[in-house]
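Given the structure is predicted, the values throughout are model-derived calculations rather than measurements. First listed ligand is number 1; within each ligand, the first listed atom is number 1.
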Amino acid sequence: MSEIFVSTHPIVLHELSVLRDRNTPPAVFRQALHRVALALLQAATGDLDTRKVIVQTPLESAEGLALNVRVGLAPILRAGLGMVEAGLTWLPQAEVWHLGFYRDETTLQPVKYYSPLGTRPLPEVMIVLDPMLATGGSAVAAVNELRRHGARRVKFVGVLAAPEGIARLREAHPEVQIYLAAVDRALNEHGYILPGLGDAGDRQFGTA
Ligand code: PRP
Ligand code: URA
């Protein structure tokens, strides 16, 4: 069964309160999301493969470690876009494979509208970025898409999840490690996370 990491870091929890606050304007929301994503990405990359290297310091040689794996970021549009800059700050060499899914408002089913997958081989580790894991439909569809195109190892970095979304992702893809700032209480009848933070895409881009 997949591992779930839920942050207890005081700065993550501080920024989460900023994200939840309905009065937070989009510019501040984006900054808070960036900081939360950075902290969660640190946690999510703590087990990446490394190899020993010898580097010459100005004084002598030193043994060290270097990353030994290609990593890809797969932000789910639109809301996952707000986590990309953090991903590239932490992993400057990462490839970014945008995935376009929107959730049909009536059926709550994910609808794919963009995927660049299939153009060339994917990195060994793919990190799906999406702040919201609500019903889990979008996350499962994104991981299905990555797996269909040969992704070997997939991690999910979100911000908020509902128990229903976690259960659905774990059932469909038990091997996917999940990293979150918090697990909320429930979903409402429209598939929104409670207490949640509202629509993460609209709150970032001022389209509420
Ligand atoms: C939101 C969010 C997730 C999805 C989560 O996207 O960013 O992708 O809903 O819901 P689920 O777990 O029930 O699938 P949305 O469809 O609102 O698109 P947007 O990011 O473009 O606003
Ligand atoms: N998507 C969001 O942006 N927010 C939710 O609460 C659920 C899905």
Please list the nearest protein heavy atom to [atom] with its residue and the distance rounded to 0.1 Å.
atom	answer
atom 5 (C) of ligand 2	Tyr192 CD2, 3.4 Å
atom 21 (O) of ligand 1	Arg78 NE, 3.0 Å
atom 4 (C) of ligand 1	Ser138 OG, 3.5 Å

Per-atom contacts, ligand 1 versus [X] - under 4.0 Å to a heavy atom:
X	answer
Asp130	2 (C), 3 (C), 7 (O), 8 (O)
Gly136	11 (P), 12 (O), 13 (O)
Met132	2 (C), 3 (C), 5 (C)
Arg103	10 (O), 11 (P), 13 (O), 14 (O), 16 (O)
Tyr102	16 (O)
Ala79	7 (O), 20 (O)
Gly137	12 (O), 14 (O)

Glu171 and Arg168: CA distance, side-chain angles, deciding distance, salt bridge (Lys or Arg N to Asp or Glu O under 4.0 Å) verdict: CA-CA 5 Å; Glu171 191 184 335; Arg168 187 156 167 196; over 6 Å; no
Would you say that more than 12 heavy atoms from the other residues, nucleotides or ligands in this model lie under 6.0 Å from the [atom1] of [X], or not?
X	atom1	value
Gln56	CD	yes
Leu108	CG	yes
Arg51	CZ	yes

Contacting atoms of ligand 2, where contact means under 4.0 angstrom from a heavy atom of [X]:
X	result
Gly191	7 (C)
Ala200	2 (C), 3 (O)
Arg103	7 (C), 8 (C)
Gly198	2 (C), 3 (O), 4 (N), 5 (C), 6 (O)
Ala134	7 (C), 8 (C)

Thr135 and ligand 1 - part of the residue with a heavy-atom distance under 4.0 Å: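 Thr135 to ligand 1: contacts from backbone and side chain alike.
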Region of Asp199 engaging ligand 1 - heavy atom pairs below 4.0 Å: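 The answer is the side chain of Asp199.
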Please check if the side chain of [X] supplies one atom and the backbone of [Y] the other of a donor-acceptor pair under 3.5 Å.
X	Y	result
Thr24	Val18	yes
Glu15	Arg35	no
Arg20	Gly196	yes
Arg203	Leu197	yes

Step-by-step side chain to side chain contact (heavy atoms under 4.5 Å, CB included) determination, Leu160 to Leu180: CA-CA 6 Å; Leu160 278 186; Leu180 300 164; over 6 Å; no
Gly191 N/O to ligand 1 N/O under 3.5 Å: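 Such a contact does not occur with ligand 1.
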Heavy atom of protein inside 4.0 Å of atom 13 (O) of ligand 1, strictly below: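 For atom 13 (O) of ligand 1 the answer is yes, since some protein heavy atom falls inside 4.0 Å.
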Heavy-atom protein neighbour under 4.0 angstrom from atom 1 (C) of ligand 1: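 There is no protein heavy atom less than 4.0 Å from atom 1 (C) of ligand 1.
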Nearest neighbour of atom 6 (O) of ligand 2 from the list Ile193, Leu194, Thr135, on a heavy-atom basis: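 Selected option, by shortest heavy-atom distance: Ile193.
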Among His190, Met132, Arg203, closest by any non-hydrogen atom to atom 2 (C) of ligand 2: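 Result: the heavy atom closest to atom 2 (C) of ligand 2 is in Met132.
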Electrostatic pair Asp47-Arg153, nearest N-O below 4.0 angstrom: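 Here Asp47 pairs with Arg153 in a salt bridge, since their nearest N and O are under 4.0 Å apart.
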Aromatic Tyr192 / basic Arg103 pairing, under 6.0 angstrom, 45° off normal: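 Output yes; distance and angle both within limits.
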Residue that, paired with Glu164, satisfies side-chain contact (heavy atoms from CB on, under 4.5 Å) out of Leu169, Leu187, Ile193: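 Only one option passes, and that is Leu187.
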pair Phe29-Leu19: side-chain heavy atoms closer than 4.5 Å: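 Of all side-chain heavy-atom pairs linking Leu19 with Phe29, at least one is under 4.5 Å.
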